[in-house]
Structures are given as C-alpha cells and as structure tokens.
Amino acid sequence: MAEKTARQLKDEELAKLEAELNRDLDQKLAEKGDDLLWPPACNYIIPNEFGERFNFYGSKPLFSKYLARFYGLKSTETTVWTSMYNFLTYFLPLVGGALSDSYLGKFWTIIDLSIVYGIGTVLLALFSVPGVVPMVTSLSADEAAALVADGGVLPGPFGDNRVYQFWTFLLPMVLMALGIKPCVSAHGGDQYLPSQRKGLDFFFSIFYVAINCGALISGNSTPYMRMYLTCWGAPCYFSAYAMCSGVFIISMIIFALGHRVYRIVPPRGEFIPWQILKLTVEAAGLYFKASPEERKQKGNFLNFAIEKHGEELVEEARLIGNVFMLLLPIIFFWTVYDQGSNEWQYQYNMMYPSGIPVEAFGNLNSIMVILMVPALVPVYRFLERRGIRFTILQRVGTGYFLMVIAYGISYIMQIYVVESYKPGVNVEVIEKVPTCTDPKTCINSWWLFIQWFLLSLGESMMSPEGLKVTYMNVGPMMKSQSLSLWLLMSGLGSLFTLFVTKATENDPTYNDLTSFKAKNTQDNGISLPPKFALFGLCALAGNIWFVLWSHYVFKYKDEDFIGAGSVGSSIAYASLMRHSASEILLCDIATARCEAEVLDMTDAAFITNSKIRVGTFQECGQCDIVVITAGAKQNPGETRVQLIDRNFKILQSCITSMKPFKENTVLLLVANPVDVLTHIAQKLSGLPPSQVIGSGTFLDTARLRTALSKKLQVAETAIHAYILGEHGDSQFPAWSCAQTKLLDIPEVKSMDLDLLAQDVKNKAYKIIEAKGATYYGIGGCVSSLCESIFGNTLQVRPVSHYLAEYNVCLSMPAVLGSSGIVKTLPPALTEDERKKLASSASAMRVILEKYGF
C-alpha cells in the first residue's frame, strides 16, 4: 500500500478543517436542496463587487479629461496613462489571488485589500481639490484649460507648465489598482455545494449584472457632476470622486457584516503560485535533458516533476496551465474592449453631439449588458430544446467574434468621421470646445450605437461564461488565482494598447497630430482609420486562435467509467446530464457497444457543457475519478455475494490494465458484491484506503428515505436516516442515529419498521426479476458521489470504505472530499446494531480470506 505524501496529508488536514468550520452551514445548505439559487452569504458579497465597480467605472472615464485639464497631458498621453491604470488594475490582482489561496484566505484578503482600495479612493478625491497639494507653477487650472482650448499644448507630465505634481495622481492610482480583489467571485462560488450547479450559474450571472449596475449608475452620474457642478471655480471632480469613494466604503462595511454566514475555505499556508512556477521550470529542464524514449514514457512534460513535487501539485499545475493557455488569446478581446474609453471617445468628439456627455454615452454598454445577460439564459435554453448545442466555450468564442465585428464597424465609421470633420466649415468652437455642428454634413454620434450594441452583446456572452469555465476547470488550490488570470488577460490587453499607442504615436499612418484639422479637435489629435484596422485585425487573430485552441487543444477536467453496460452507461448519462464532470471517458472490452453508447450519449450532450468520448484503460488510470462498474450481471435469485467468483477476475483484469494509477486518483467501485470488491480493489491498486470507495448503501439509504418521505408526505431531503453495513443481505437501518424525534412521529410509530427495512433490501431483487437489472437509481447516486469528490463538498454519505476496526470495507457515514474519504463519522449505535455491523464484517472477512485478502 502506497504511503500518503505530505501534500495528501495536508489536503486531508485542510479538508477536515473546512468540514469543521462549515459543518452547521453545510447542513443548512444541503437541506435546501440542489435547486438553491441564493445562499444568504450572497446578500453581502454582491454589494462589495457593486461598490468596487461603482468606484472603478465612475472614476476611470473621467481620467482622460482630468489628466488633460490638471496635469497637461495630450490625448495620446492620456491613453497611455489610462491604459497603464487598466493594466495595473488587472495585473496586481495576481498578488491578491496568491495571498488568498496561500495565506490569508478569501475573506481576509477581501477585507485587507478593500482597506487599501478605500484609502486610494479617498486620496484621489482629496488630491482633486485645488490647493490641497502645491502647484508646480503659477499657472492656474482655468488658465491651463484655456490654453488647451485655445490650441496650446501643455508639454506633458514632466514639463514646466504642469498644474499639479504628478505623484498626486500616481499614488491613488497604484493604491486603487493594488486593492482590486480577484477572489470576490471565487468567494461567492464557495458559498454553494457542488451539487447546486444551477445556483452557481445564477450567481455568476447576477455577479456580472452587479458589475454593470455599478458601472451604469456611477457612469451616468460622475460625467454630469463633472459637467454641471463647480468646486472652487473649476469642474467638480472632487464631488464625483468623493461619491465613488463613499459608496465603496459602505459596500466594504456590508461585506464585513456578513462574516457569520460565509462558508470559509482555509488557505493552504504555502505560496502555491511559486511552487507551481518552480515545478514548471524544473519539469521543463528535465524534459529537455531527457531522451526521446523517456519523453514518450512520461507524456506531458510536467510529469517529470512528479517524483519531486508529487502528483497533486503537478495536477494543479496542469489544470492552471490548461486554463491559462485557453485565456491567452482573450488578451486581444480586452485590447479592443478598452477602446471604448479611448478611441471611441475621441471618435465621438468628432461627430455631431447627441446631447449626452461623451463619458456617459459609453454607459449604454452597461445598460445593455444588464438587460442582455439575464435575457440570454432563456435563449440558451431555447436552443438546447431545439437540439442546437451551444456550449460555454462556443458562447465565449461567439461573443469574441461579435466584438471583432463591432470594431470593424468602428473602423468603417472612422473613415467617414475623419472625412466629414471640417474645421472652418462645419466645426465651431462652443465654450472653447471645437464641435461639429452641422447635422447635415457631420456624422451623427448616435450611429455609434450599432458598435456599442455589438460590443455589449459580445461581452454579455463572453464574460459570464468565461468566469464559469475558468472557475470550474482548475484545482481547489488555485480557485482565486485562476480568476486572477481572467483579470490578467484584461490587464495585458491594456498593456498591448499602451504599447501600440506609443509605437504609433508619431507615425502619420496611424495618427494625425500636426494638421490644421487635428489641432482643431477636442483632443488635439486624430486616430486615423489604419489604427482602428490594426486593433481590429489583432482581435480577429485572437478570436481565431481562441476557437482553434478551445476546439482542438483545451482539455476539461475528466472522469472515467470502466464498463459500458447498463449500469456504467446510466452513471455516465446521469453525470452528463448533471454536468458532474467536464469530460467523461467510457471504456469497455466490448468496444463496439462502448462506441455505440458514446455516440448515443453524444446526441444528448448538446444540453450540457460536458464532453464524452471512448477512452483506453491506460487513459483511465490517469484520471481524477475512475468509476468501475465492470462485472458479471446478477441473475434473478442470485445473491450479491454469489457474484464474487466471476467479478473478482474481471476486477483484477481491469485494475492490472489501468496500473500505474495517477497518485491522486479516486477509485469508485459499483460492481457487486461492492464491499468485497472495494477491499480487493484497494489492495490490487496500491492506492491509499481513503482513495478507494464503494457505492455501498448510499442507494439503499436513498430508498429508505424515499419510502419514509412518501409515508410522511415530506421531501426526501427532510429525512435523515441511514442503511449501514454490507450492501446486501446483512445490511440494516440504523434507527438509533436517525434524526431527532423521527421515531416519535405518530405515522412512523404506526409503521412496521422491520418490514420497511426488508422492502428496501429486497427492492433491487424485485427490479432484477422484472427487468433483469437495476441502473437508473445507482446512476443518479454515483454521479452525486462524483460531484461531492470533484467539488470537495465534504458531504456526508454512507459509502463503503475501509474500517480498520473490522479490517473490511463496509458502509458507514463518511465525509467525502477531493482526496476521497476525509474521515469516518461512526454513529452511536445500539448494542443490537453493533452486533449487526459485526455480523456483516464477519461475513465479509470469510469471503476475503478465501481470496487471500
């Protein structure tokens, strides 16, 4: 038997701690069932994200004019600094993600970084008050603005004509960027049990709506405050920044008040990103030094690091690398998206005005996203009902393509805008601002609605679905860090914008900064159509890259089923429908039957986001969960124990074909007699006992609860009672550990409980006699067990596992997590029940000794 690694022991310790911290809360969540949409914790989490986005989208659109008015920057320079701010706000969350997963945990990371962010917002508001910090020269803010309006150009952030010292912008900018939290959405995802997938999807949709609600409200407030309010004789940036700061601080307090209702996932206590980076570098070095034969034997280059770093960390590295490569082409999506606050604003300034401030016009995006995100949900369902498969990745790719089209339209629009803008003919200076005033010859700014509509639709399809696929396809060590990667792609998009802007700043092919027309625009420069084309082509290339990578290379987290008979296929189908795993492999020696089952289930996969395919035994041994259903069919009148002679040889052949197993693989036995085969499988596989589980009496327990619920006219989830011991003739109901007062209910008192238990035990035999096999019930139960393991939900289930006291595998309540059995929860049984359990164990021991175990 393989000894547990230090990391496996650490995982078990953390799983036990998580179970202890969340025991009462998890019980309440479980009682609300798989259809729970909104845990109480979400009432405190969503306002925090709303407040942060309110501040971000309320202050950022003002930066261009704020920097031009008070710091003397040209339009190209404001683009550089706003792009730099975007980059920092999406790059620095990597620090927060690392702190969250490694040391502080999500709750304290959010609290600590919120304080940093809050300080930055207060300083931004404070420094925007004239006279709070020393001016560089005697030039007043109004004099500087007048100079710009009259065609003069202030020389930039390090020139002599600056009004304010530039550090008064840089310091708040850095603090606000550092305070962006990548783990709010991950913390929200942690509030659900993995079986509550409907609720998780609902949360991510509402989360994204909250982002856009914050953007909409602040984005439609702060531009008007800048335009129509004055403070100290100047446009009142202070009132706008102060309002944003106040809303965020209130949202931070609301989040802190919810600490009693949060599910807490403990941090690992080690710097996981550094460990994974080191592992990857070392594995690459070993890979290049290895011979071709060694490379072929190891497969993925990361496998060279298994011996030193362990299978668990290598798997985490593989999963995060898998997601990182999927997200990489999205950089160019965000590059184009950012033009909404840069190039599209400059484009708007050269068109016939709509009467809406330029910063607020872009807020049409937020309005449409708020409407589109929930509206798309029934659209997806409609397509599914019509047999049209539209997976998460297909939605992301389609959203990306809509963005490309939007930018293509803006390129065409810019051709006509530049041509129609004619200073001295249709351009007048109104309140010192050059404005295209002839509605007949100027392009109406409402034409921009088309590109904003397509941008919003693309964003509504891409961002919520991208968040989901990112969260669901990484390991438990890297949940926050994975969402930091999503933010990082946006930051890198801003960095690419900055690079392109600086590289083309003085190139007359892309920018006109010197002509009479350029000097008579609001922005003292014109971005020419080839610049739009350059960004659009980059986005198109990124879109093609993403589609090809997601279709041909990206690999979902996987699960395997050995055995493609009725039971194996039913489990695979249930898992497919419940989206228990992202990818399912089906394997059987009857290859034609296996391929046919996969083809049939592929036709049903259009309503899920899971994939299913035929796998080999060797592939199965390297998967996260291996469900073994292979075995001889139980004949009418035949007991489960009588199956052992035939199924022992089948099990031995399966395990031999799959070895060596991946170190953290969990074996889940379903073939009968399940308790005996679970014990034998553990010995044959060499895996730790905690990683070899039998379905045990989970189905029997479900049958008991269903029978009681029908008698009492209550939901099955309201009944807490277990069938324990052997999954077979010696199983027994543990009435002593049934929920409090259950046996005192008059309807229960009137029941013949012995007869009820006998009916539960014989139900399978009745089904077999009538139709030859049972498979739907066990299919649902096993898919639920897989969800508990994948999601590290720490659910309590009566499954068969090794009991050292009896030296056999029997069903007892156990906590299930990502490493299999986290711990056994032995109930306080009566003397009679203990005798029944000992009797089951003795019967199992006799059979095991016959086979040398």
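Just the heavy atoms: all of them, side chains too, but no hydrogens, waters or symmetry mates, feed the values below.
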Taking all non-hydrogen atoms of both residues into account, name the closest pair between [X] and [Y] and its distance.
X    : Y    : answer
Y407 : F532 : CE2-O, 3.0 Å
S569 : L586 : OG-CD2, 4.5 Å
I584 : A572 : CD1-O, 3.7 Å
F333 : E459 : CZ-CA, 4.3 Å
M601 : L576 : O-CD2, 3.5 Å
P266 : I264 : CD-O, 3.6 Å

Going by side-chain hydrogen bond (donor to acceptor under 3.5 Å, both in side chains), name the residues that satisfy it together with Y802, two or more places apart in sequence or in a different chain. N807

[atom1]-[atom2] distance between [X] and [Y], expressed to the nearest 0.5 angstrom:
X    : Y    : atom1 : atom2 : value
L488 : L328 : CG    : CG    : 9.0 Å
K662 : C620 : NZ    : SG    : 12.0 Å
L794 : S818 : CG    : OG    : 8.0 Å
M403 : T335 : CE    : OG1   : 10.0 Å
Q795 : L816 : CD    : CG    : 8.5 Å
T280 : R318 : OG1   : CZ    : 12.5 Å

Between V627 and V670, is a side-chain contact (heavy atoms from CB on, under 4.5 Å) present by the stated rule, with each step listed? CA-CA 7 Å; V627 181; V670 181; 3.8 Å; yes

Can you find a heavy atom in the side chain of [X] that is under 4.5 Å from one in the side chain of [Y]?
X    : Y    : result
T602 : V598 : yes
I276 : E316 : yes
F496 : C538 : yes
D624 : V666 : no
E787 : L785 : no
L669 : T629 : no
I693 : I789 : yes
Q682 : L687 : no

Is there a side-chain contact (heavy atoms from CB on, under 4.5 Å) between Y85 and F56 once you walk through the steps? CA-CA 11 Å; Y85 175 68; F56 182 82; 3.6 Å; yes

For D507, is there an ion pair with K531 - N to carboxylate O distance below 4.0 angstrom? no

Within 45 degrees of the ring normal and closer than 6.0 Å to the centroid, is that where the cationic atom of R295 sits relative to F301? no

Would the distance check show the side chain of [X] and the main-chain N or O of [Y] forming a donor-acceptor pair, the cut-off being under 3.5 Å?
X    : Y    : result
T665 : F661 : no
Y400 : G458 : no
Q275 : L313 : no
R395 : M461 : no
Q691 : P688 : no
S463 : S460 : no

Begin from the C-alpha positions of S550 and L326 and carry the test side-chain contact (heavy atoms from CB on, under 4.5 Å) through to its verdict. CA-CA 7 Å; S550 61; L326 176 72; 3.8 Å; yes

If you count the non-hydrogen atoms of other residues, nucleotides and ligands that lie under 6.0 Å from OH in Y573, is the total more than 12? no

Answer yes or no: are there more than 12 heavy-atom neighbours, outside F535 itself, under 6.0 Å from its atom CZ? yes

Is it the case that the ring center of F546 lies less than 6.0 angstrom away from the ring center of W549? no

Of I628, L667, V626, I680, which is the lone residue that meets side-chain contact (heavy atoms from CB on, under 4.5 Å) with S685? L667

For the residue pair E282 and H309, confirm or rule out a side-chain donor-acceptor distance under 3.5 Å. yes

Angle class for the H187/F107 ring planes (parallel below 30°, perpendicular above 60°, tilted otherwise)? tilted

Before giving the answer on side-chain contact (heavy atoms from CB on, under 4.5 Å), spell out for L492 and W334 the whole-Å C-alpha distance, their side-chain angles and the decisive distance to 0.1 Å. CA-CA 8 Å; L492 292 175; W334 294 117; over 6 Å; no

